[in-house]
Amino acid sequence: MAEFFVLNTGARIPSVGLGTATGKAEPGVVGGAVYAAVKAGYRHIDCAPAYRNEKEIGLALKKLFDEGVVKREDLFITSKLWSGNQAPEDVPEGIDTTLEDLQLEYLDLFLIHTPIRSKKGATPTPENFLPVDIPATWGAMEKLYHSGKARAIGVSNFSCKRMVDLLATASVPPAVNQVESHPGWQQMKLRELCKSKGVHLSAYSPLGKPGSPASMGKGFLDNPIIVSVAEKLQKTPAQVALRWGLQMGHSVLPKSTNETRMKENLGVFGWSIPEDLMAKFSEIQQVKTLRAEFVVHPQGIYKTVEEFWDGEI
């Protein structure tokens with residue numbers, strides 16, 4: 001298993017990245033985690049304005065570059081378009097703000113964070129949502145790709161239906177769809193669609209842990225199948241879950257600010273889950289933990305969670 005996957009642009013995306021959506025972390029904690037992660041061997045950092053920590057990540061990156069730990073070209077940096085900047089004329093501002101905060105000249109990957117558009121400058125709550133116009137937003141994203149500010153473009157939280165609709169109109173096909181995926185929510189239909197269209201699937205919350213923004217329910221790492229496989233292979237349940245993702249063909253973005261766990265999450269190479277044990281993962285009950293209940297409002301754009309996910313929940 002290679003330590004990277006190849007995107008439809010020809011670029012290499014590291015197969016394990018550090019997620020930075022840590023919710024209520026104290027100021028400086030995420031920046032410190034990024035610094036420690038890169039020193040530990042991470043080469044893929046997943047960011048977003050919605051996580052409200054890109055400035056401190058930018059400081060960490062500058063420190064790493066200044067100290068000669070890595071060069072810019074050694075890292076794969078992803079960020080995402082804020083929901084308030086989805087109007088085509090606001091998309092350039094969206095990436096420029098991120099580039100300024102991260103102290104970078106380009107992104108390796110820029111994603112439409114979610115199929116939710118909110119009023120510019122407003123809190124992204126149902127009363128501030130506007131109808132999305134993905135083709136128009138995507139057209140502006142394509143211009144960023146052609147300009148070189150975003151070396152690859154993609155989407156996040158897109159259902160099968162939304163992917164099919166986008167692929168039908170896109171001049172530049174999305175390189176990535178970043179979604180929740182783990183043994184407890186395997187996304188097999190979406191996975192097959194993306195694979196057939198040359199779109200790389202990247203998994204946030206690959207450990208399925210509650211505590212992520214908008215997550216519901218308990219995690220799956222104590223599932224008897226996961227625990228049994230971990231014991232047989234003498235690995236941790238988290239390592240087994242991450243390795244499952246790699247063997248399914250997608251990159252994984254585990255979150256942690258704990259240096260020991262960050263290093264543990266990199267320990268997924270040089271071994272594999274045998275086919276007979278991989279087959280057991282199909283027996284795990286499927287439960288979506290990030291349901292995005294916050295988008296629902298009786299008078300809003302989305303009146304049910306099912307409507308937001310196009311029934312794929």
>> Any carboxylate oxygen within less than 4.0 angstrom of a Lys/Arg side-chain nitrogen, looking at Lys120 and Asp90?
In response: yes

> Is there a side-chain contact between Tyr42 and Met262, using heavy atoms and a 4.5 Å cut-off?
Replying inline: yes

> Do the ring planes of Tyr302 and Phe129 sit parallel (below 30°), tilted (30 to 60°) or perpendicular (above 60°)?
Replying inline: perpendicular

> So Glu180 and Thr289, side-chain hydrogen bond (donor to acceptor under 3.5 Å, both in side chains) or not? Walk me through it.
Replying inline: CA-CA 8 Å; Glu180 177 190 357; Thr289 56; 2.6 Å; yes

> How many angstroms lie between CD in Gln247 and OG in Ser272, if you round to the nearest 0.5 Å?
Replying inline: 5.0 Å

>> Looking only at side-chain N and O atoms, does Ser181 offer a donor or acceptor that is under 3.5 Å from a partner on Arg191?
In response: yes

> Between His200 and Gly249, what is the shortest heavy-atom contact and its length?
Replying inline: CE1-O, 3.7 Å

> Is the shortest heavy-atom distance from the side chain of Asn157 to the side chain of Pro115 under 4.5 Å?
Replying inline: yes

>> When you compare the side chain of Pro14 with that of Glu3, does any pair of heavy atoms fall below 4.5 Å?
In response: no

>> Counting C-beta onward and ignoring hydrogens, is there a side-chain heavy-atom pair between Val199 and Met163 closer than 4.5 Å?
In response: yes

>> Is a donor from one side chain sitting under 3.5 angstrom from an acceptor on the other, for Ser15 and Ser251?
In response: no

> How close do Leu190 and Ser159 get, heavy atom to heavy atom, and via which atoms?
Replying inline: CD1-C, 4.0 Å

> Which pair of heavy atoms, one from Glu54 and one from Cys47, lies closest together, and at what distance?
Replying inline: OE2-CB, 3.5 Å

>> One thing to verify: whether Asp46 and Lys255 come together as a salt bridge, which I'm taking to mean a side-chain N less than 4.0 angstrom from a carboxylate O.
In response: no

> So, is the end of the Lys71 side chain (NZ or CZ) under 6.0 Å from the ring centre of Phe65 and within 45° of the ring's axis?
Replying inline: no

> Tell me, which pairs form a side chain to side chain donor-acceptor pair (under 3.5 Å) where one or both residues lie in residues 101-115, sequence neighbours left out?
Replying inline: Arg72-Asp108

> If you measure only the distance, is there a donor-acceptor pair under 3.5 Å linking the side chains of Tyr35 and Glu67?
Replying inline: yes

